[in-house]
Amino acid sequence: MIEAVVINRVEAESKDCLTLHFEWDRPVSPGQFVMVWIPGLDEVPMSISSIGPEKAMTVRRAGEATEALHALSPGDRMGVRGPYGNGFELNGMRTLAVGGGVGMAPLMPLLRTMYADVAIGARSADELLFEEEARRYCDKVETSTDDGSRGMRGNAVQLAERMMDEGDYEQVVACGPEVMLYHLFRACEARGVHCQMSLERYMKCAVGLCGSCMLGKERVCIDGPVFDSARLRALSEFGRSKRDAAGRSVGL
Amino acid sequence: MIEAVVINRVEAESKDCLTLHFEWDRPVSPGQFVMVWIPGLDEVPMSISSIGPEKAMTVRRAGEATEALHALSPGDRMGVRGPYGNGFELNGMRTLAVGGGVGMAPLMPLLRTMYADVAIGARSADELLFEEEARRYCDKVETSTDDGSRGMRGNAVQLAERMMDEGDYEQVVACGPEVMLYHLFRACEARGVHCQMSLERYMKCAVGLCGSCMLGKERVCIDGPVFDSARLRALSEFGRSKRDAAGRSVGL
Amino acid sequence: MIDLAVEIGTIRMSNPAMLASGVMDETGEALVRMMEAGAGAVVTKSIGVAAHDGHPNPCLVELPHGYVNAMGLPNPGMDRFAEELRTIMPAPAPVIASVYAADEEGFVAVAAAMEDAGAAGVEMNLSCPHAAGFGMELGTDPARVRSMVEAVASSVSVPVMAKLTPNTADITAIGRAVEDGGGDAVVAINTLRAMCISPEFARPVLSNRYGGLSGPAVRPVGVRAVYDLRRELSIPIVGVGGIETWRDAAEYIMAGASCFQVGSAVGRRGPEVFREITGGLQAFMESHGYAGMKDMEAAVHD
Amino acid sequence: MIDLAVEIGTIRMSNPAMLASGVMDETGEALVRMMEAGAGAVVTKSIGVAAHDGHPNPCLVELPHGYVNAMGLPNPGMDRFAEELRTIMPAPAPVIASVYAADEEGFVAVAAAMEDAGAAGVEMNLSCPHAAGFGMELGTDPARVRSMVEAVASSVSVPVMAKLTPNTADITAIGRAVEDGGGDAVVAINTLRAMCISPEFARPVLSNRYGGLSGPAVRPVGVRAVYDLRRELSIPIVGVGGIETWRDAAEYIMAGASCFQVGSAVGRRGPEVFREITGGLQAFMESHGYAGMKDMEAAVHD
Ligand SMILES: Cc1cc2nc3c(=O)[nH]c(=O)nc-3n(C[C@H](O)[C@H](O)[C@H](O)COP(=O)(O)OP(=O)(O)OC[C@H]3O[C@@H](n4cnc5c(N)ncnc54)[C@H](O)[C@@H]3O)c2cc1C
Ligand SMILES: Cc1cc2nc3c(=O)[nH]c(=O)nc-3n(C[C@H](O)[C@H](O)[C@H](O)COP(=O)(O)OP(=O)(O)OC[C@H]3O[C@@H](n4cnc5c(N)ncnc54)[C@H](O)[C@@H]3O)c2cc1C
Ligand SMILES: Cc1cc2nc3c(=O)[nH]c(=O)nc-3n(C[C@H](O)[C@H](O)[C@H](O)COP(=O)(O)O)c2cc1C
Ligand SMILES: Cc1cc2nc3c(=O)[nH]c(=O)nc-3n(C[C@H](O)[C@H](O)[C@H](O)COP(=O)(O)O)c2cc1C
Ligand code: FES
Ligand code: FES
């Protein structure tokens, strides 16, 4: 059932992202998401970026629905149902967390829970997300920007490859654009590094019913959104194609 | 939901009563009852006379439905739903348990749980119920029969009055024909003895919904079947009238 | 505190939570108990011309999300029930008599007897899904509904409501027939025609085989019916079906109900449910700035 | 082990648990996964002539006892979907194509495309309660149903089933129209027309306002529909609505279903539900001495 939650606080994070903090007393584990209802407009999936007693979601402006979320103020209400999805598995592996753009959002609850080094990528400095907060929990936080305006010039995959080659990681946890994740996955496979990656597909029901979020044989909403290496290998469409709202296969 | 339970054992108890032992894993407290479905015939309320891992009901032959229950053999199935009703309150009072006829059935789980003296009444010796078993748990067990064929000649109320006058009871727990209970209640009121009495009314739903079991303002199925002195005093119809299946008020 | 008082014609209720027909309403004392529990009005068991035992047991199946019942309209008949009603008059809250019959004559006779006995209104049961010859057969034919409602409305002076079956392709056609016949309100919904079978005993559980589904299971169907009716009718709508909490009541009010009835929840939650619902509703209205229930309806429909 | 294999015309299933239309059946890989999970056959998402996005979100409300959905028939259109089907042919279990259209021509075109692509049968969706112009409007008029079924049945060589809406006063009249039109089976029930309103946001939750209720809530309505149909029809009946356990399936089989479909439970219980149901059913049949499913039906109906 959809619950009406009240926004306590809105925090600007980057050029196109902000964080909505809201009251919601459900237990959430790192990597899970909710469906957010913007009445009269749409209902879209959003990762939970803070899982404490007060929850948060970090929203990148992408279109009408996210635009409407950006327009909300403290005291406003939004509809929320969930949490959904499997979330990340917490294990003892030496971990590199890799976030591309707003892909940092689902990683934040993880970084607050377990130890990891962090690679953050974005197009330019003003789009880098959560660098400062990550430094609060993690000793080693590196960044990359396409335009070199901060950190390494290049993309998050290149940054992660460098860090993997220098460090001694057993695992990569990652979220970001699928093309990035696909190349990161291949880089990990080449190095024998275990992966957990959070993926996205078009979602309608979010409860494993309608099949609109199929990625190969998996339902991203309930079998995912986090997939480990073994399952990533079997995902026929990973890095290649997705389904539109009508269920047609289209390029990524 | 109705469950199909299997009869393990049938035990003859008296001229017109037998006990059906059956597998049923629900927790039951003393004084609660079930609705027993005899497919194709009827569904009737029956007290649970044994509340251990194996349950039991003790059935007096009264008409078609109870006749059918008497015809069951080990291995047969019957339908059961419940348990329903409030049951007896277990307290530390010095207690006299008074059972008239098959009214002993709901008292047995109580006698196995708490200490009490016992008065058992019946028309004649071959209708006396549970005397032997009661003696196993209770030091003082007395009986009365209308024809004097065993124990005191007289009815259970007379026996109970004598025991109350000799003993020092704080409480009477009782089940039996309502006219007996009504007189017993008056005897207790005269002596300042607290009562818990299990009553009967025509039952259809057994879940407090249909109102067919009304006794004054109380639903016997869910507010009862056990009523204490304070509530017995307020029951306008107690000892006087009941409702038939059409909801008409008729004499007891 | 927000005032929840509401009127349907001359029926004045201190709050919109009515007791639904068939639940705890066969005896005068049961009705009074429900009033004391906080019902704004009570609807009686459906009463017929003559006494009727109803169907043999089993007549109820409990499900996790509701009940399937086939009580079969047990009732003591209009004369005995009129006596019963007189014992509680004047009652602390309005009593609305649910009446059923196989024909107009019967409806008129029972309605008149109930008005005489002090009923503040009449609810015509056009919709019982499990009593052959009565009920649903009448309730799915707009022409018969209209003439039946006309007959009753013109023979009593208290408001006449008609209770609709959801077992139809278009409930608004029946609602319109009630309005056209001079009915003062429609009540929606009665139970959904249903059946439960016991695998172990290989037979329908209810002695009547067929029964009616009620409780939370049917709520979205009832809300939809009320919403549809609101868009077609101008007489008040009484919402019923699966109301257990203030949220459920709020759904019905927003869908277009002027007031609502609570049936199954009296068994599932206990008679306290009336105060829980009205209290919660008041708190919701205060915190969300609704001055009255009509504003809630308007927020959805306008 | 009792053999649960069952046939509807030329459709041969190793077990009677079919995947219901609209659930995990928009892509070839989804269909295969459901076969691997143990479905005896799978029904596809309802496919139309042209691609269709369906309704905007929200299109699902979760309730404790089921769902209310208004997906709005999203589908890639018959050509794209035929491609999709070809990728999984020959499939390990029969694929039945659910088809919808606004008229006979459309139904015939989609059915033919699906047969070409390897569908072992066609299920005509005459009953979707929330897509204007399609679905329920067609499905409540016996004459139109009959001619629509005739048209499709005479244009394909695979068995044709028709899926019925429960949103009607008499489902058997529609069932008979299917039988008279030459349909090979009826499927009952589709969802119940329903609505959920958010009190806090004062609006229907679904973008389409109206939706269809499914899941355990509707099971007694579905069982009743199948029981009624069994007494009127001689073609096979496929039971659907709220089946989550072997008991639920047993109820439908005893009510008269030759086989059954599982929809909501795939979400509520997971794809494992197919094996749980068929395993439990076999155990029940063994312990209660049923040699086959027809004996279960006979135990109730004869
Ligand atoms: C599991 C998951 C977690 C997500 N977490 C976040 C997050 O933490 N922060 C964030 O900013 N974004 C997140 N997203 C992406 C977010 O859902 C989309 O950005 C949003 O739906 C865009 O909606 P729009 O109307 O603003 O843009 P549109 O103009 O409608 O679309 C922009 C893009 O968003 C996609 N999109 C639109 N609707 C949906 C839908 N129902 N399901 C999936 N994708 C959709 C479109 O396919 C398109 O690629 C997540 C997506 C998924 C699947
Ligand atoms: C809470 C409760 C606990 C009971 N416990 C026991 C018990 O442990 N042992 C026992 O032998 N009997 C018990 N009874 C009584 C038992 O229910 C009746 O004896 C039985 O229903 C008779 O059915 P019949 O068809 O055999 O007789 P009938 O000929 O139908 O009726 C005989 C009597 O039983 C009553 N009766 C019939 N149906 C019902 C009904 N649905 N609800 C209530 N009374 C009914 C009739 O009013 C009549 O007075 C209990 C009754 C109640 C209400
Ligand atoms: C046990 C029971 C008996 C009922 N008897 C009647 C009746 O006599 N007349 C009537 O109009 N409706 C009757 N109903 C229907 C209810 O009044 C109500 O319309 C229906 O149960 C839906 O509401 P609910 O979900 O709150 O129970 C009965 C319902 C139940 C559960
Ligand atoms: C999300 C969802 C989508 C559905 N889509 C369709 C559909 O496209 N065509 C159709 O005939 N039925 C559709 N249905 C109805 C189901 O096939 C089924 O008839 C109904 O849900 C009852 O079964 P259940 O309780 O097992 O879900 C859909 C149901 C759900 C829950
Ligand atoms: S969004 Fe419906 S199955 Fe994942
Ligand atoms: S038997 Fe129905 S209320 Fe007690």
Side-chain angles (χ1 to χ4, degrees), chain A residues 1-6 34-46 63-65 76-84 86 201-223 234-238 241-250, chain D residues 19 22-34 36 45 47-48 50-64 67 69-77 80-81 83-84 87 196 198-207 214-215 263-271:
Chain A
M1 200 53 210
I2 286 179
E3 294 167 75
V5 299
V6 176
V34 293
M35 292 298 282
V36 193
W37 181 33
I38 306 110
L41 195 62
D42 203 350
E43 188 193 43
V44 295
M46 281 291 150
E64 268 198 303
D76 286 348
R77 284 194 188 85
M78 60 188 175
V80 156
R81 63 183 173 99
Y84 297 122
N86 56 358
R201 278 301 178 271
Y202 199 90
M203 291 193 181
K204 294 182 175 182
C205 75
V207 298
L209 186 64
C210 71
S212 72
C213 66
M214 294 305 290
L215 201 182
K217 281 192 187 173
E218 308 262 16
R219 301 165 292 183
V220 173
C221 68
I222 191 166
D223 305 317
L235 288 177
S236 55
E237 299 171 301
F238 176 43
S241 60
K242 59 181 186 179
R243 302 281 174 166
D244 66 10
R248 281 175 295 215
S249 180
V250 294
Chain D
L19 175 71
V23 171
M24 288 292 288
D25 52 6
E26 218 173 48
T27 71
E29 284 184 291
L31 293 168
V32 170
R33 178 167 172 189
M34 295 298 105
E36 287 166 357
K45 187 89 208 151
I47 303 299
H52 191 57
D53 279 354
H55 299 307
N57 281 355
C59 47
L60 186 95
V61 180
E62 278 183 279
L63 296 171
Y67 301 111
N69 91 81
M71 309 307 294
L73 299 173
N75 81 94
R80 289 293 289 267
F81 195 74
E83 279 172 42
E84 190 88 33
T87 64
C196 295
S198 161
E200 288 86 357
F201 294 109
R203 60 159 66 230
V205 176
L206 297 172
S207 70
S214 66
S264 299
V266 172
R268 293 168 52 92
R269 304 268 178 136

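So that the names make sense, note that chain A is the first sequence line, chain B the second, and so on, each numbered from 1. Values below: all heavy atoms of this structure, side chains included; hydrogens, waters and symmetry mates excluded.
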Side chain from CB out, backbone as N, CA, C, O: work out which of these in [X] comes under 4.5 Å of a heavy atom of chain A, or both, or neither.
X        : result
D:Glu36  : side chain
D:Val61  : side chain
D:Phe81  : neither
D:Pro204 : backbone
D:Ser207 : neither

What part of [X] gets within 4.5 angstrom of chain D, counting heavy atoms only: side chain, backbone, both, or neither?
X        : value
A:Asp223 : side chain
A:Met214 : side chain
A:Ile38  : neither

Side chain to side chain contact (heavy atoms under 4.5 Å, CB included) evaluation trace for A:Arg219 with D:Met24: CA-CA 9 Å; A:Arg219 301 165 292 183; D:Met24 288 292 288; 3.2 Å; yes
[atom1]/[X] to [atom2]/[Y] distance, rounded to the nearest 0.5 angstrom?
X        : Y        : atom1 : atom2 : answer
A:Met78  : D:Glu200 : CE    : CD    : 14.0 Å
A:Arg248 : D:Asn75  : CZ    : CG    : 9.0 Å
A:Lys204 : D:Glu26  : NZ    : CD    : 6.0 Å
D:Glu62  : A:Leu209 : CD    : CG    : 9.0 Å
D:Met71  : A:Ser212 : CE    : OG    : 5.5 Å

Whether D:Asn57 side chain and A:Met203 backbone form a donor-acceptor pair below 3.5 Å: yes
Test item: D:Arg33 side-chain N/O and A:Gly216 main-chain N/O as donor-acceptor pair under 3.5 Å: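 Judged by distance alone, no pair lies under 3.5 Å.
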Most chain D-contacting option - heavy-atom pairs closer than 4.5 Å, from [options]:
options                      : result
A:Ala65, A:Gly79, A:Cys210   : A:Cys210
A:Gly211, A:Ser236, A:Ala245 : A:Ala245
A:Cys221, A:Pro39, A:Ala4    : A:Pro39

For the student: nearest non-hydrogen atoms of D:Arg203 and A:Trp37, plus distance: CD-CZ2, 3.6 Å
Residue pair A:Arg81, D:Leu60: steps toward the side chain to side chain contact (heavy atoms under 4.5 Å, CB included) verdict: CA-CA 11 Å; A:Arg81 63 183 173 99; D:Leu60 186 95; 4.1 Å; yes
Stepwise side chain to side chain contact (heavy atoms under 4.5 Å, CB included) test for D:Tyr67 and A:Cys205: CA-CA 10 Å; D:Tyr67 301 111; A:Cys205 75; over 6 Å; no
Heavy-atom side-chain proximity of D:Cys59 to A:Glu43 below 4.5 angstrom: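 Counting from C-beta outward, D:Cys59 and A:Glu43 never come under 4.5 Å.
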